[in-house]
2 protein chains.
Amino acid sequence: MTEPTAPHAAPSSGPGKKPGRAGKSHATIYDIAKVAGVNPSTVSRALSKPGRVSAKTQKLIEEAAAGLDYQVNPFARALPTGRTNTFGLIVADITNPTFFDIIRGAETTATGRDYTLVLAESAESPATELTAARRLMATVDGLILASPRMDDDNIRALALAKPVVVINREVEGIPCVVPDVNKGIGEAVRSMASNGHRKVAYVAGPPQSWMSERRWEGVQAACEWSRLEAVRLESSKPTVDGGRQTARDVRASGATAVLTYNDLLAIGLMQELQAAGIVVPDQISIVGFDDIFGADFTTPPLTTVRSPLGECGEAAAGRLLDLLGGSGEAAGTLRVETELVLRGSSGRFVA
Amino acid sequence: MTEPTAPHAAPSSGPGKKPGRAGKSHATIYDIAKVAGVNPSTVSRALSKPGRVSAKTQKLIEEAAAGLDYQVNPFARALPTGRTNTFGLIVADITNPTFFDIIRGAETTATGRDYTLVLAESAESPATELTAARRLMATVDGLILASPRMDDDNIRALALAKPVVVINREVEGIPCVVPDVNKGIGEAVRSMASNGHRKVAYVAGPPQSWMSERRWEGVQAACEWSRLEAVRLESSKPTVDGGRQTARDVRASGATAVLTYNDLLAIGLMQELQAAGIVVPDQISIVGFDDIFGADFTTPPLTTVRSPLGECGEAAAGRLLDLLGGSGEAAGTLRVETELVLRGSSGRFVA
DNA sequence: CACTGTTTGTCAACCGGTTGCCATGAATTG
DNA sequence: CAATTCATGGCAACCGGTTGACAAACAGTG
């Protein structure tokens with residue numbers, strides 16, 4: 001290679017032969033430069049590096065840009081810089097309403113800070129999750145993983161390339177946002193104790209769920225403190241159907257109060273118990289987890305430990321954006337409070 | 001200056017300062033070209049234009065690419081071509097569970113066809129919606145608008161630039177996916193008639209909702225056919241709260257069967273009526289619309305006209321992708337069937 | 001063997017911003 | 001008033017693919 005010729009310097013006298021792009025071709029910084037009578041690079045600086053050009057030129061350029069209805073081409077910008085003003089959110093299951101609040105929270109913060117949200121799901125599969133993550137990595141500035149199912153190591157590997165924030169799980173060395181279950185569970189168990197219950201069952205979630213374990217630990221601790229007996233039951237899947245299926249085990253356990261891994265399980269369980277003629281909460285108290293949309297549609301409305309999922313989504317997006325902006329902690333867990341929402345499905349044991 | 005020297009070629013003995021991009025710098029087609037012993041453009045063609053290069057070279061290049069763990073830089077590709085393998089979905093309200101299924105359907109088809117979904121919401125505001133749409137337009141290949149609130153003209157203007165598909169509304173000249181309410185409403189009203197109801201109330205949705213009008217028309221037509229009286233009531237907002245507020249009007253109307261614009265209204269209405277001691281369905285039958293998540297959590301579970309929203313999302317994404325791929329109709333409405341889901345909130349009038 | 005038609009690969013000009021380096025002229029200072 | 005900063009704008013080389021134009025290689029005919 002001997003003679004590096006300037007590509008744009010060619011005598012492009014031809015008529016404005018707009019390449020490809022359908023519809024109206026947008027104005028470029030070159031157009032602005034022509035109108036404002038300055039060099040394209042000056043336009044670029046005026047538009048992206050505040051203070052780098054004089055106030056006078058700045059104004060000139062801004063007016064020209066406004067006049068031409070200019071808007072940057074994100075790809076042209078992303079190509080040399082690698083920045084896209086976009087971040088990805090991967091949720092374990094789009095079907096699960098738990099994630100809708102998270103999505104909403106993240107989306108709100110994103111658009112509020114002039115970022116775009118890209119959504120993907122893993123269908124509860126670690127492999128799919130990893131694939132999706134890798135795919136997104138190429139096009140986003142950062143990633144939020146909500147209830148990730150993949151290994152800690154994989155998460156850390158991803159975080160090497162771009163900032164990653166995790167929701168609903170704690171991963172060493174990664175910034176996380178996690179509801180602190182203790183307060184909410186404490187309130188729930190104390191309420192059970194004061195209502196005369198002696199034995200509490202916990203219906204667990206998926207084995208690979210980090211959060212399910214934390215909740216079980218929380219229940220054990222709170223029960224010990226309140227001198228209640230705690231038993232653990234398993235569920236096949238964390239859905240309404242899964243909840244129905246646990247009804248047998250719940251009855252067999254002899255517990256008079258039940259805490260479930262999530263609201264879906266609680267709702268299914270309640271439906272099944274009621275179908276069998278059991279009165280909730282008189283014979284069995286049921287407390288769910290998360291306070292998802294629809295938790296108060298049931299009769300009686302579901303008592304539940306609310307996780308502020310919307311806040312989690314917002315906080316995670318906020319942390320990620322701070323990280324991208326240069327401020328913010330590169331690791332550490334942010335804990336958000338949970339609280340008991342007392343509704344009708346729990347109460348005094350009257351059998 | 002006679003010798004244009006490459007600036008970076010200077011004695012850059014410093015540390016290999018990779019331009020921008022954090023982390024590992026990916027392999028490029030230039031690396032592949034070097035390994036395979038061909039020209040970069042040949043690599044490009046081998047990778048994007050099937051059949052343009054000989055089978056032998058093709059294989060050579062593919063092996064080199066695999067060996068280098070190559071993956072295209074989406075921005076570099078998007079810059080000259082304008083194609084991003086991404087499409088946008090704008091929903092009227094992320095809070096509203098109606099859209100959950102739509103989002104899920106669209107996301108599924110997107111990833112299935114190797115596209116990425118970008119999500120945005122309009123918060124029920126035509127202005128915000130238009131802003132979001134304009135913003136997304138720059139980065140996506142096409143757009144899906146779910147229950148758009150903006151003008152028909154604005155929608156058509158957007159569609160001039162890139163393919164647009166609309167869900168839950170019919171816009172002349174634009175491909176649309178719309179649940180055909182007639183079958184479902186017909187079933188609902190016939191069921192009411194056969195259960196001894198004589199007067200049916202329709203609780204309408206937001207005034208700017210195209211779909212609400214279609215549903216009202218459907219109710220009128222079906223009632224006429226079944227020789228029932230139909231009255232229309234307004235709601236303040238299409239939420240559970242809005243439903244509660246309509247209870248007064250519903251009772252005052254003297255109707256014994258109610259169809260609401262959506263399930264949220266129905267659920268709110270039912271809660272309020274039950275709180276006032278009215279027995280559902282014995283004294284008043286309630287039928288919602290959409291069959292959203294949670295519609296069966298209520299007691300009695302909600303009878304509702306199901307709109308296959310997941311299918312709508314899938315179908316819309318499918319049409320968009322077909323359009324982008326060159327096949328598919330550029331306009332016209334795809335109607336999907338609705339059906340009555342009989343649950344407990346409707347039944348024989350026994351007052 | 002010359003001659004035309006078709007593959008297949010190469011060259012180089014893009015797409016539209018970003019940014020390191022340098023020249024210019026104004027402002028500051030001794 | 002000369003010397004030295006310093007702020008400002010311009011030049012051109014990128015980022016990593018895509019693609020039109022063209023040449024070389026190859027095959028098929030007369």
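Below, chains carry the letters A, B, ... as their sequence lines are ordered, and counting in each starts from 1. Note that the structure is a prediction, hence the values are computed from the model and not measured.
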Review point. When we call it a touch if two heavy atoms are under 4.0 Å apart, what does A:V43 touch: a base, just sugar-phosphate, or nothing?
Key: nothing
**Study point:** Nucleotide C:dT18, atom P - distance to CZ of A:F75 in whole Å
**Key:** 14 Å
**Study point:** Under 4.0 angstrom between B:T81 side-chain N/O and C:dC15 OP1 or OP2
**Key:** no
Review point. Once the angle between the rings of B:F100 and A:F100 is folded into 0 to 90°, is it parallel (under 30°), tilted (30 to 60°) or perpendicular (over 60°)?
Key: parallel
Exercise for review: Would you mind reading off the distance between B:K56 atom NZ and D:dC26 atom C1', rounded to a whole angstrom?
Suggested key: 12 Å
Review point. For B:T28, which contact category applies under a 4.0 Å heavy-atom criterion: base, sugar-phosphate, or nothing?
Key: sugar-phosphate
Check your understanding: Among D:dT18, D:dG17, C:dT19, which nucleotide sits nearest the side chain of B:Y30?
Key -> D:dG17
Review point. Rounded to whole angstroms, how far apart are CD1 on A:I61 and C1' on D:dG9?
Key: 9 Å
Practice item. Confirm from the modelled atom types if A:R45 and D:dG10 form a donor-acceptor pair under 3.5 Å, side chain to base only. Key: yes
Check your understanding: Should A:D93 and B:R104 count as an ion pair when the cut-off is N to O under 4.0 Å?
Key -> no
Point to revise | Length of the line joining B:N39:CG and C:dT7:C1', which is rounded to integer Å | key: 17 Å
Point to revise | Nearest heavy-atom neighbours spanning B:L334 and B:R319 | key: N-NH1, 3.6 Å
Check your understanding: Where the side chain of B:T57 is concerned, which of C:dT8, D:dG16, C:dG17 is the nearest nucleotide?
Key -> C:dT8
Practice item. Quickly, which of B:L136, B:V140, B:L117 forms a side chain to side chain contact (heavy atoms under 4.5 Å, CB included) with B:T86? Name it, please. Key: B:V140
Point to revise | Distance below 4.0 Å between A:S54 side-chain N/O and D:dG9 OP1 or OP2 | key: yes
Practice item. Taking only the side-chain nitrogens and oxygens of B:K49, find out if one of them lies under 4.0 Å from OP1 or OP2 of D:dT18. Key: no
Review point. In whole angstroms, how far is the P atom of C:dC15 from the CG atom of B:N73?
Key: 18 Å
Check your understanding: Does any donor-acceptor pair link the side chain of B:S41 with the base of C:dC11 at a separation under 3.5 Å?
Key -> yes
Review point. For B:A76 and B:R52, take the nucleotide of DNA chain D holding the closest heavy atom to each; which residue's nucleotide lies nearer the 5' end?
Key: B:A76
Point to revise | For atom CG of A:L47 and atom C1' of C:dT19, their distance in whole Å | key: 15 Å
Review point. Taking all atoms of both residues into account, what is the closest heavy-atom pair of B:A138 and A:F75, and its distance?
Key: O-CE1, 3.5 Å
Review point. When you check the phosphate oxygens OP1 and OP2 of C:dT18, does a side-chain N or O of A:S44 lie under 4.0 Å from one of them?
Key: yes
Practice item. Could you tell me the separation between the CG atom of B:L60 and the C1' atom of C:dG9, rounded to a whole number of Å? Key: 13 Å
Exercise for review: Measure the distance from CD on B:Q71 to P on D:dG16 and round it to the nearest whole Å.
Suggested key: 13 Å
